Visitor: 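After the structure tokens below, expect a handful of questions from me.
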Amino acid sequence: MHGLINRSIQCFLRDTYGACAWQSIASAAGLGFDNFEPLLRYDDGLTHAVVAAAAKQLARSRETVLEDLGTYLVSHPNLEGLRRLLRFGGVNFVEFLHSMEDLPEHGRLGLPDLDVPEFALEDLADGRFLLRVSQLVPGIGHVVVGLLRAMADDYGALVLLDHGGIDDGREVVTVHLLDHAHSAGRRFELAMPGG
Amino acid sequence: MVGLDHASLSRLMPMYLALNDDGRITGIGPTLAKIIGGQVPLGQDFFRHFSVRRPAGITGMAQLRPRAGQRLQLTLRIDGGNLRGLAMATDGGMLINLSFGIGIIEAVRQYSLTDSDFAVTDLAVEMLYLVEVKTAVMQELRRVNLRLEGAKTVAEEQAITDALTGLRNRRALELRLPQLIAQGIDFGLMHIDLDYFKQVNDTFGHAAGDTVLREVAKSLTIETRASDLVARIGGDEFVVVLPGLSDTARLAQIAQRIIDRLSTPINFEGQRCAISASIGLTISTRYAAPEPERMLSDADAALYASKHAGRAQAQFHQPTDSARLSSADGIAVADGRRA
């Protein structure tokens, strides 16, 4: 797995639960080092070990840990850059949902060897969608639920989200958009801030 | 031919300009109107708002018309912003489509442009996306490099440090000597071996031995300058390199001070650990072409002579065995060449 993904998981655990918690998770996972380097590649087993160790250490379900990770990726100030990159996907939540299908290509624009799951969006009409995501890691659907929830907040949309199980090797996320302009959302300007 | 109204043209080309035959603006796209600001300049002269930088010499419709289909570089008079574009002839005038070109990044900031200011087919937003991705990746790379740089400095420091005493080690010595020689800096070389260290180890144990070595390291650091290199190169063997010091008397003095200091017994958990030191010296100026190996071996030979002569003394290396410097004699310099 790409170091950037492992590094994101590390930052999520460190920023949410503290440096000590990360240290003990890293050691319980048997990493043998303290920090993932964002531009190296690591064995997939290490990613799984970290997620499993985190769930055990924090006494939370794997699903909850993954969903919190998804929310963290979009809402934490340290990852403002990622939120901005995702917001480039569209001017409203529905456009953003459609842009998820382009995520692998967008990801590869920046880092050609980045692992990004494949997304397929099915529009069921009346604001209902099914988003199918390839299993980059088992439970990826929970990360997507957390991420979409935070993105919906970002756009000011009111959305019901659920993990709809696994269908043909892909995890299914159900999306029900109740109100695309429920609140003001967060500002997004094309120009990079402070640059 | 297709006929398009202002609304359609605006969607297709948000930075379009329609000119009549006199060069008066008869239509303008919303994004272009936004960056010009103020009142929509309908009916005004195109050349009042824009100057054409390239091709040169275009100051009116007469020169612009024959340039239809050629790339134009324009400047916005109001703020000096650069645009590029293309003009094509229409019935009774010209249609011009403009774009920011590479200035897009700055333009988005300057004019607070949003998605809807660009044509759906325009890759401007992708361009902005790429710039942010690139910036983020570069930032990560810079952080990685800083971390690596820090780790490298620590590793390099460790690689030339003796873990027990914190002095330099043999590797540091092997790096430093060729450097001094290459830079043509004269230096004195001192090989120090502790006397009775084995007895301390055997009598009081290795913990006592380690304490003695650390105390010796402190003493050597005190008796030398910060610019000198003090290395532990073996169990109880030390080498001191003294750059800029080739004076025999000065070196003998330093050697004697070291011997005096090391002859003071060291306390270890109430036990008196008594040692002293034997020293062999040589100086780079004594060699036509100094070589590290040769100098170390000569200093070692002089050290052996000091040991042989009864310990707790320092001797300079000399081809012929003649004089020695003993603690009893005080600082009686014995230099083979001068004697």
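Every heavy atom of this structure was used, including side-chain atoms; hydrogens, water molecules and symmetry mates were not. Please read these numbers as outputs of a predicted model, since none were measured by experiment. In what follows, chains are A, B, ... by sequence order, proteins preceding strands, each numbered from 1.
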Visitor: With only heavy atoms counted, which part of L128(B) is less than 4.5 Å from chain A, the side chain, the backbone, both or neither?
Guide: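 Contact with chain A is through both the backbone and side chain of L128(B).
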
Visitor: Under 4.5 Å from any heavy atom of chain A, what part of Y111(B) do you find: side chain, backbone, both or neither?
Guide: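 Neither part.
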
Visitor: Salt bridge or not between E80(A) and R87(A)? Use side-chain N to carboxylate O under 4.0 Å.
Guide: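 No, this pair does not count.
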
Visitor: Looking at L40(A), L82(A), L85(A), which makes the most heavy-atom pairs under 4.5 Å with chain B?
Guide: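 So the answer, after comparing L40(A), L82(A), L85(A), is L85(A).
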
Visitor: Please walk me through it: do M61(B) and L64(B) pass side-chain contact (heavy atoms from CB on, under 4.5 Å)?
Guide: CA-CA 5 Å; M61(B) 289 304 277; L64(B) 183 59; 4.1 Å; yes

Visitor: Check whether T135(B) gets within reach of chain A through its side chain, its backbone, both or neither, counting any heavy atom under 4.5 Å.
Guide: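 Side chain only.
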
Visitor: Measuring heavy-atom distances to chain A, does L141(B) have an atom under 4.5 Å in its side chain, in its backbone, in both, or in neither?
Guide: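 When you check distances to chain A, atoms from both the backbone and side chain of L141(B) fall under 4.5 Å.
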
Visitor: Return the orientation label for the F96(A) and F93(A) ring planes: parallel under 30°, perpendicular over 60°, tilted otherwise.
Guide: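 Aromatic pair F96(A)/F93(A) classed tilted.
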
Visitor: Who in residues 100-123 of chain A is close to chain B, using a strict under-4.5 Å heavy-atom cut-off?
Guide: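 Residues in range: H106(A), G107(A), L109(A), G110(A), L111(A).
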
Visitor: Taking E174(B) first and then R171(B), would you say they form a salt bridge - that is, a charged N and a carboxylate O separated by under 4.0 Å?
Guide: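 Salt bridge between E174(B) and R171(B), a charged N being under 4.0 Å from a carboxylate O: no.
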
Visitor: Side chain, backbone, both or neither: which part of R147(B) has a heavy atom under 4.5 Å from chain A?
Guide: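 Side chain only.
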
Visitor: Can you label the angle between the F188(A) ring and the F88(A) ring as parallel, tilted or perpendicular, going by 30° and 60°?
Guide: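 F188(A) vs F88(A) ring planes: perpendicular.
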
Visitor: L95(B) vs M13(B), test: side-chain contact (heavy atoms from CB on, under 4.5 Å). Steps then yes/no.
Guide: CA-CA 11 Å; L95(B) 181 64; M13(B) 298 182 284; 3.9 Å; yes

Visitor: Less than 4.0 angstrom from a charged side-chain N to a carboxylate O is my criterion; do R83(A) and D154(A) meet it?
Guide: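 The answer is yes: the pair qualifies as a salt bridge.
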
Visitor: Is any side-chain N of the basic residue among R170(B) and D162(B) closer than 4.0 Å to the acidic one's carboxylate O?
Guide: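 No.
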
Visitor: Kindly compute the distance separating OG (S51(B)) from CD1 (I58(B)), expressed to the nearest 0.5 Å.
Guide: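 Those atoms lie 10.5 Å apart.
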
